[in-house]
Amino acid sequence: MEVRNRGLVTALRYRGREGMWAWLLHRATGLGVLFFLIIHVIETAAVVYSPEFYDEALQIYKNPFFRFAELLIFFSVLFHAVNGSRIVIQDFWPYLMERQRQLTWAAGIVVLLVMVPVTWIMVAPVFGLAEEPGLERHLERCVERTQAPACLEVVE
Amino acid sequence: MIHTHTYDALVVGGGGAGMMAAIYLSRESRLRTAVISKLYPTRSHTGAAQGGIGAALGNLEEDHPEWHAFDTVKGSDYLGDQDAIETMCREAVDVVIELEHMGLPFSRTPDGKIAQRPFGGHTHHQGQGPVRRSCYAADRTGHMILQTLYQNCIKNGVEFFDEFQVVDVMLAEGRCVGVVAYEVATGDLHVFHSKSVNLATGGFGRIFSITSNAHANTGDGPAVALRRGIPLEDMEFYQFHPTGIYKMGILITEGVRGEGGVLRNDYGERFMERYAPTMKDLASRDVVARAIYQEMREGRGINGKRYVYLDATYLGAEVIEQKLPDIADFCRTYLGVDPVHEPMPIQPTAHYAMGGIPTNVDGCVVIDDRGTVVPGLYAAGETACVSVHGGNRLGTNSLLDLVVFGRRSGLHMAEFCLEADLGSLPENPTRDVAAELERLLSVAAGEPPARLRQELQDTMMDFVGVFREEEGMRQAMDKVRELKRRYEAVVVMDKGRRFNTDLLEAWELRNLLDLAEVTAASALNRKESRGAHSREDFPNRDDENWLKHTLAVQDVDGGVRIDYKPVTITQFEPKERVY
Amino acid sequence: MTVAAQVDGRGEPRRGGGYDRPKGRLANFEVFSWFFMRISGLVLILLALYHLIWWNLVIGVEHLDSQVVIERWSNPFWRLFNVLLVTFALLHGLNGARYSIEDYIRRRGLQIAVKTIVYSVVLVTLVIGVYALLTFDPASFFAIR
Amino acid sequence: MPMVTLRIQRFDPENDQRPVYREYAVNADPTDRVLDAINSVKWYQDGSLTYRRSCAHGICGSDAMRINGANRLACKVLIRDVGAKVTIEPLMGFRVIKDLVVDMEPFFAQFRSVLPYLINDEGAPERERTQSVHEREVYDDTTKCILCAACTTSCPSFWADENFVGPAAIVNAHRFIFDSRDKAAAERLDILNDREGVWRCRTVFNCTEACPREIRITKAIGEVKKAILSSAR
Ligand SMILES: Cc1cc2nc3c(=O)[nH]c(=O)nc-3n(C[C@H](O)[C@H](O)[C@H](O)COP(=O)(O)OP(=O)(O)OC[C@H]3O[C@@H](n4cnc5c(N)ncnc54)[C@H](O)[C@@H]3O)c2cc1C
Ligand code: HEM
Ligand code: SF4
Ligand code: F3S
Ligand code: FES
């Protein structure tokens, strides 16, 4: 019989506490962001070679459904950053680890608090509950740059 | 399958005594030494010792080995052999310093020396008042001794056979030639052929129902020796520690009283003032345990129940967290009681065997009153009876006993092995144990061993406990014999070979039965009260007739035959014992 | 190894001392990467969070187009900002991915294969991203305007 | 006495292909230890149930096992804290010898690999080596270890890689690295400055949560990491 347990499956069978969940989430968000980042870098680099292609590709982002994915990315980076800061702070002042549960909760709460307004700003416009962020600035800009793809609708 | 190994020296038991001997043996590089232990060495019950190890270092106040010796003699109710006690107290200072050099993290005094605290029965100027003599590492001194010795065994490259249970000792032509061990993981028998064997298998508190002892403390060493014709000394002297956690028996160290905790009865009265006006709560253990029993009998147990309070509330959170952290943890875990704010419910708990395999000061097993030794056979630690504890052991003196006599036996063994040759093995050395284990496995249906064990423990607790009298002890004897008969038909449910702890528990039960019988017989025989042996029908000490050690031998027909051995008295004439 | 084989090998004594754990050759690299993860992480808090806030909350994804990007990139400062962001994030992420691969893929051959693929993908991405940012010539884009 | 159901993972390599769970109902007081309940199964229902135990009060480290998913000492958890149905499994990451007994040899090998003993070759003084109360305090926490393996077998880095030296070994190295009497801190730091040493730790804290002695293990590991970094400079 294969008695050794391995990796992720094992982790999910063990009833860990805050630290383990934070670590799992840290890992998941880190890998998720990396995956997104690879696509994002390549697609953005395309601007240099073919702005048209870039503008095409952007349509995907503007799909309302994709707004939730963007929110997830925002959350991922934010959680990873805040939790990562917790780890770094603990590493440099180990005595803080005596309060690790509290610190982990604090990190979680900071993330949630930030996510509340961010979620509103990013998602409410999809349901017409608020204006798109940066609309005012965008309109001002479109006065000058009427040819810019994002301004075409506005100009019409 | 039977395996054979050859060594110069074997140590049976990886507790404090065994490992100390092993360290000294391993310093002699010409000897092949191995430690055989049924538990991983760090699981030994030495790790449970809390309060400290006694040594007249005088780090905090004046103290002398002679005072220590006086206290030990008095504590023993004058039954201890005074030459051995003098040796122990003299070497105490040395051996504690040695432990420190090995790395033991003792608690420290403000000027960086080993910290010391008062302990029951330890006095200055021969009984004038408590003295700080117990060297401690918070309340885990035994744990630190065990770890430190294990660490040093690793450092010295000692060979260990972990989870090998010794089931027989081989005696041939009047000397010891090795042991037979059962490998727990595989069920194989191993013959260890050697020039010498040191039995350091610890205590056997599991003959009682309320005990501070581990499940593993089943007295395998003394029982195996007994069955091979070695006598056991002073088995009637079994110490009940005054403060065990109610119902569980888990020990609350005397260190709590050393730090200033007090016992209170149902009225909140500090009753020890009545029983021991000078030492009060720090009188010796037999005295305090009896006082608690007396209070309970007279209806002053808490709510009339069988426990009293140990009150440490006014020591303050700091003392408790710093000096008694494990005790605090036990109370919180097992009782849901925080000793900082509430008193702890305690009752006396079976704790320590003063008796055991008789040895001289070099750990050589001695079988009669003329000092005849069995060449190559040694014993050390709680298993042995040197006798430094006599009728009652003082707190902190057991850890001391382990290291002092562990060391001395190791040194003597090394000398012995360099001279001696390997004796010849008896014919078919595994026959007896193999047959016994086969027999146990072959019983198809019958009583579970656990039921017998429970009945044994309850009987011993009730009739051979803190207070004893003729009638009860006779009943106990009858009961033990009945259980021995029923033992023939106990059933081992696990018939496999691998890690068969069911089989081993059944085998250990036999040891408990044999030791209980010897304990009861020795107690029944001694018609006086001395130290921990307190008879209601003979309430006084009787030096005229009973200032002598008991030697109990198992007869061929299974009965117990009693013999005696004189007590060595050097400088302290027996006196009445008041605290 | 089967359990039986493991257990049956036990008739031998355990000896103290002298036990050698195979020593990894890459010890210094592990310290370096541990340290790099913390330092790059701290730098990334500034870069990545600013980046997110700028594009998601200040500009708004709805208003994104090639023009906006090009305008921003006209400023060398923001190009440098992005070079740093891409470099740190990808290297940090790459090392993080290495941690996961080493944890979850234990078969040696497979591990090397997966590492090769992941390292290549990330490094190629890094080259593409940085090359685009460094060779970007704002002048050539003013025509679109 | 209320009934409690113990759901125990059984595995006898002599007879079983793979582990199975078996359920036992026992009478147990809320203040009984889980170990007491397991004992009562072994003693009166099924003698073949196999586990290690000795001291029964959390001091010997024999009976670390997974109780309701997390590593605990069976003798240090009371029935009232686990509910009416308890799941009991062996420690993860070591080979199962039988039922709840796992092969501890690799664990002790890890322990031995960090020079877990005081090294000081300067001649010993007549009396004790002195050590201030503060110097003693620095490594107090890590002297409490009872080598129960609850920490190492709760660590995701260890599950992933059995060569990781593991939190328990680091704890025991810490105990000597920070002992003012010891002279071999550099050697131990060198041993732990390794991909299978402290750098494998991802500060998951499972070890700290599992430790029955409440040793702040991750903190100790952090202190060792810092010591390595500052000694490298
Ligand atoms: C709770 C408690 C607190 C105590 N506090 C103190 C104190 O503060 N001060 C003090 O001085 N004393 C104290 N004592 C007493 C003292 O700790 C013990 O008497 C002492 O530790 C016994 O040590 P030992 O080496 O003889 O045996 P143990 O430490 O019990 O070791 C016995 C060894 O023998 C092995 N063994 C047993 N049977 C076999 C076999 N058949 N085959 C192979 N191996 C076997 C076991 O595996 C174990 O390794 C205390 C005791 C208890 C129970
Ligand atoms: C925003 C600021 C960030 C901070 C403060 C941060 C911090 C950290 C820290 C401290 C670690 C732990 C390393 C260890 O355990 O040794 C880590 C791991 C990781 N990070 Fe980040 N990081 C950040 C951004 C990112 C980004 C943008 C990515 C994606 C590209 C990323 C991907 C990863 C990955 C994949 C891991 C490995 C996770 C693991 O080992 O479990 N991180 N990060
Ligand atoms: S550190 Fe704690 S959990 Fe780990 S082995 Fe030691 S006592 Fe057990
Ligand atoms: S669980 Fe493992 S990853 Fe580190 S903090 Fe503990 S050793
Ligand atoms: S039995 Fe000793 S720790 Fe549980």
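Here is the naming used below: chain letters follow the sequence lines, and residue numbers restart at 1 for every chain. All of these numbers come straight from a predicted model, not from anything done at the bench.
- Heavy-atom minimum distance, Y334(B) versus G58(D): OH-N, 3.8 Å.
- Only the backbone of F106(B) comes within less than 4.5 Å of a heavy atom in chain D; its side chain stays farther off.
- Proximity to chain D is limited to the backbone of T109(B), based on heavy atoms less than 4.5 angstrom apart.
- When all heavy atoms of Y139(D) and P105(B) are compared, the pair lying nearest together is OH-CB, 3.5 Å.
- Across every non-hydrogen atom of Q454(B) and Y44(D), the tightest pair is CB-OH, 4.2 Å.
- Among C75(D), S40(D), C148(D), the residue making the largest number of heavy-atom pairs under 4.5 Å with chain B is C75(D).
- Nearest heavy atoms, P116(D) versus I154(B): CG-CD1, 4.5 Å.
- Proximity to chain D is absent for every atom of D94(B), based on heavy atoms less than 4.5 angstrom apart.
- In this structure, CG on D12(D) lies 12.5 Å from CZ on F499(B), to the nearest 0.5 angstrom.
- Panel note: side chain H101(B), backbone R127(D); a donor-acceptor pair is recorded below 3.5 Å.
- I146(D) and H143(B) make their closest contact through CG2-CE1, 3.7 Å (heavy atoms, listed as atom of the first residue, atom of the second, distance).
- To the nearest 0.5 Å, the span separating CG on N152(B) from CG on L118(D) amounts to 8.0 Å.
- Per-residue counts of heavy-atom pairs under 4.5 Å with chain D were compared for E505(B), H45(B), K247(B), M102(B); the largest is that of E505(B).
- Only the side chain of M144(B) comes within contact range of chain D, judged by heavy atoms closer than 4.5 Å.
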*Test side chain to side chain contact (heavy atoms under 4.5 Å, CB included) on E163(B) and M104(D) and set out the steps.*
CA-CA 11 Å; E163(B) 298 189 329; M104(D) 297 288 283; over 6 Å; no
*When you look at V133(D) and Q322(B), which way does the side chain to side chain contact (heavy atoms under 4.5 Å, CB included) test go after all the steps?*
CA-CA 12 Å; V133(D) 173; Q322(B) 290 294 318; over 6 Å; no
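- Counting heavy-atom pairs closer than 4.5 Å to chain B, the top-ranked of the candidates A56(D), S132(D), C145(D) is C145(D).
- The choice from L503(B), L335(B), D329(B) that makes the most heavy-atom pairs within less than 4.5 Å of chain D is D329(B).
- For the set D140(D), L49(D), N172(D), the entry with the most heavy-atom pairs within less than 4.5 Å of chain B is D140(D).
- Crowding of D121(D) atom CG: a count of heavy atoms from other residues, nucleotides or ligands under 6.0 Å not exceeding 12.
- Of the atoms belonging to R181(D), it is side-chain heavy atoms, and not backbone ones, that fall under 4.5 Å from chain B.
- If you take OG1 on T501(B) and CZ on R52(D), they are separated by 10.5 Å, rounding to the nearest 0.5 Å.
- Counting heavy-atom pairs under 4.5 Å between each of M493(B), E100(B), K113(B), R451(B) and chain D puts E100(B) at the top.
- Salt bridge annotation for R108(B)-E135(D): absent, with no cationic side-chain nitrogen under 4.0 angstrom from a carboxylate oxygen.
- Between F108(D) and Y40(B), the ring planes are parallel. Angles under 30° get that label, and only those over 60° would be called perpendicular.
- Without hydrogens or angle criteria, E128(D) side chain to I114(B) main chain gives a donor-acceptor distance under 3.5 Å.
- Neither the backbone nor the side chain of E98(B) has a heavy atom closer than 4.5 Å to any heavy atom of chain D.
- Below 30°, between 30° and 60°, or above 60°: for F330(B) and H57(D) the angle between ring planes is above 60°, a perpendicular geometry.
- Using a 4.5 Å cut-off between heavy atoms, V184(B) makes no contact with chain D at all.
- Taken to the nearest 0.5 Å, the SG atom of C60(D) stands 9.5 Å off from the NE2 atom of H215(B).
- Put simply, the side chain of M248(B) reaches to within 4.5 Å of the side chain of R33(D), judged on heavy atoms.
- Summarising the geometry of G103(B) relative to D179(D), their closest heavy-atom pair is O-OD2, 4.4 Å, with the distance given to 0.1 Å.
- Counting only distance, with no hydrogens or angles, the side chain of R140(B) and the backbone of I59(D) share no donor-acceptor pair below 3.5 Å.
- Among I97(B), D111(B), V96(B), the residue with the largest count of heavy-atom pairs under 4.5 Å with chain D is I97(B).
- At least one side-chain heavy atom of R43(B) sits less than 4.5 Å from a side-chain heavy atom of L147(D).
- Residue-environment remark: CD (E318(B)) stays at or below the threshold of 12 foreign heavy atoms within 6.0 Å.
- With a threshold of 4.5 angstrom between heavy atoms, L57(B) approaches chain D through its backbone and through its side chain.
- With a 4.5 angstrom heavy-atom cutoff, L78(D) touches chain B only via side-chain atoms.
- Only the backbone of D46(D) comes within less than 4.5 Å of a heavy atom of chain B; no side-chain atom from C-beta onward does.
- Contact of R497(B) with chain D is made through backbone and side chain together, with heavy-atom distances under 4.5 Å.
- Neither the backbone nor the side chain of N217(B) has a heavy atom closer than 4.5 Å to any heavy atom of chain D.
- With a 4.5 Å cut-off on non-hydrogen atoms, P110(B) touches chain D through its backbone but not through its side chain.
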